[in-house]
Amino acid sequence: MSEKMNIPIARTALTEAEINSVLAPLQSGWLVQGPQVRAFEDAWSGFTGAEHSVAVTSCTTALHLSLAALGFGRGDEAIVPALTWISTANVVEHLGGTVKFCDIDPVTFNMDMDLAASLVGPKTRAILPVHLFGLPVNMSAVDALAQKHELLVVEDAACGFGSRIDGRHVGSYGNPGCFSFHPRKAITTGEGGMVTVNNSELANKVRRLRDHGAAVSDLQRHLGARPYLLADHPDAGYNQRMTDFQAALGCAQMKRAAAIVAERQRLAAVYDEAFADLEWFRTPAHIQGMENGYQSYPCMFRPAHQTAETIAIINAERNAWMDDLLRNGISTRPATHAVHMLTFYREKYGLQPEDMPNAWAANDCSISLPLFHGMTEAEQAHVIKHVRAGPS
């Protein structure tokens, strides 16, 4: 009798060298932000083409620092897609701003830029495009809107590792861009994030703000002529520094970054082919010039039948199917949540699901399949078999 499959939605697959990489900073005694963080930042800039990379504690803090460094604050409004992880909206709230939710394109899951243009008002100061699940946003449209209305652009590229537009890595269009190293991402440091910046002055401001507003880091002070003197603090900053042992793990993984992205793309291509004939199951969109790094593999269940009257019925059927897949050893998730439907934002802004109908449909009718580095052929074949069988 064959062993029952148990396939998670994501799994971290580290090499022995990557696991051992964290020992060096632990043995050195320098655990906080130090030489490994700098090496990780350099490797990230090398891969993405960014002029500057600044390692922080999470993509959430990357977004927060980016907006703070740009001077976004109380009384300002920011346009945020209604379908995203809640952090994209939360950082606006943390800085005293107001969130203006924008519905999504139902095919790409990304912000509908025509709708975004209609949301710009006299207090609108920023736009936060999200390269959701790895498929890039139309940054030409974002940049055109930002230039017309003098908006700040902060790219949420939490899912964007390995994603490119006409060969240019995401995170380099907005200034800054923000990445995540959560375990569901292709490169992970447990928790962690990165800010990419193509402006030296702004990069230095982000570096100061992540480190209590200090003019120089602890490592710079330690290696200087007078390590006993404390640094000046030109800014009222935060403690959002990455540790050196986290960065060591990130550095080790970056040595096979291209291979990790290529494997995720290969797995996605296998799924694409396997499900191409299922009219009731829509796989991720392919857009010319857009290279998807496939942080995840989000699909839509019964897309042709979704209306305000049928979403609840489709949602119940989807949930029952997800239960059935789990019984067969296959973990799935909704693609992500529609933030305007979550309690805090629903109550604060008086929103209803139907206010953002495409995000509502994605919230209730999407399903992400397992896709991760190290996924075996047998595991993927098992997923394909049971997905193709459909709901019972």
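- Between the CG atom in Leu145 and the CE atom in Met111 there is a gap of 9.5 Å [rounded to 0.5 Å].
- Side-chain rings of His169 and Phe47 approach one another, their centers coming within less than 6.0 Å.
- Remark: side-chain polar atoms of Glu155 are paired, donor with acceptor, to backbone N or O of Gly171 under 3.5 angstrom.
- Centroid-to-centroid, the aromatic rings of Trp360 and His340 stay 6.0 Å apart or farther.
- Between the CD atom in Gln33 and the CG atom in Asn239 there is a gap of 9.0 Å [rounded to 0.5 Å].
- Between Phe161 and Phe181, the distance separating the two ring centers is not shorter than 6.0 angstrom.
- Checking side-chain atoms of His131 against main-chain N and O of Val137 turns up a donor-acceptor pair under 3.5 Å.
- Counting non-hydrogen atoms of other residues, nucleotides and ligands closer than 6.0 Å to NE2 of His305 gives a total of 12 or fewer.
- Residue Glu273 qualifies as open at atom CD: its count of foreign heavy atoms under 6.0 Å is 12 or below.
- Other residues, nucleotides and ligands contribute at most 12 non-hydrogen atoms within 6.0 Å of the CD atom of Glu201.
- Side-chain N or O atoms of Asp235 include none that pairs as donor or acceptor with a backbone N or O of Lys205 at under 3.5 Å.
- Aromatic rings from Phe133 and Phe109 are positioned such that their centres are separated by under 6.0 Å.
- In this structure, Glu93 pairs ionically with Lys348, as a charged nitrogen and a carboxylate oxygen lie closer than 4.0 Å.
- The line from CG of Asp103 to CE of Met356 is 6.5 Å long, rounded to the nearest 0.5 Å.
- Other residues, nucleotides and ligands contribute more than 12 heavy atoms inside 6.0 Å of the CH2 atom of Trp321.
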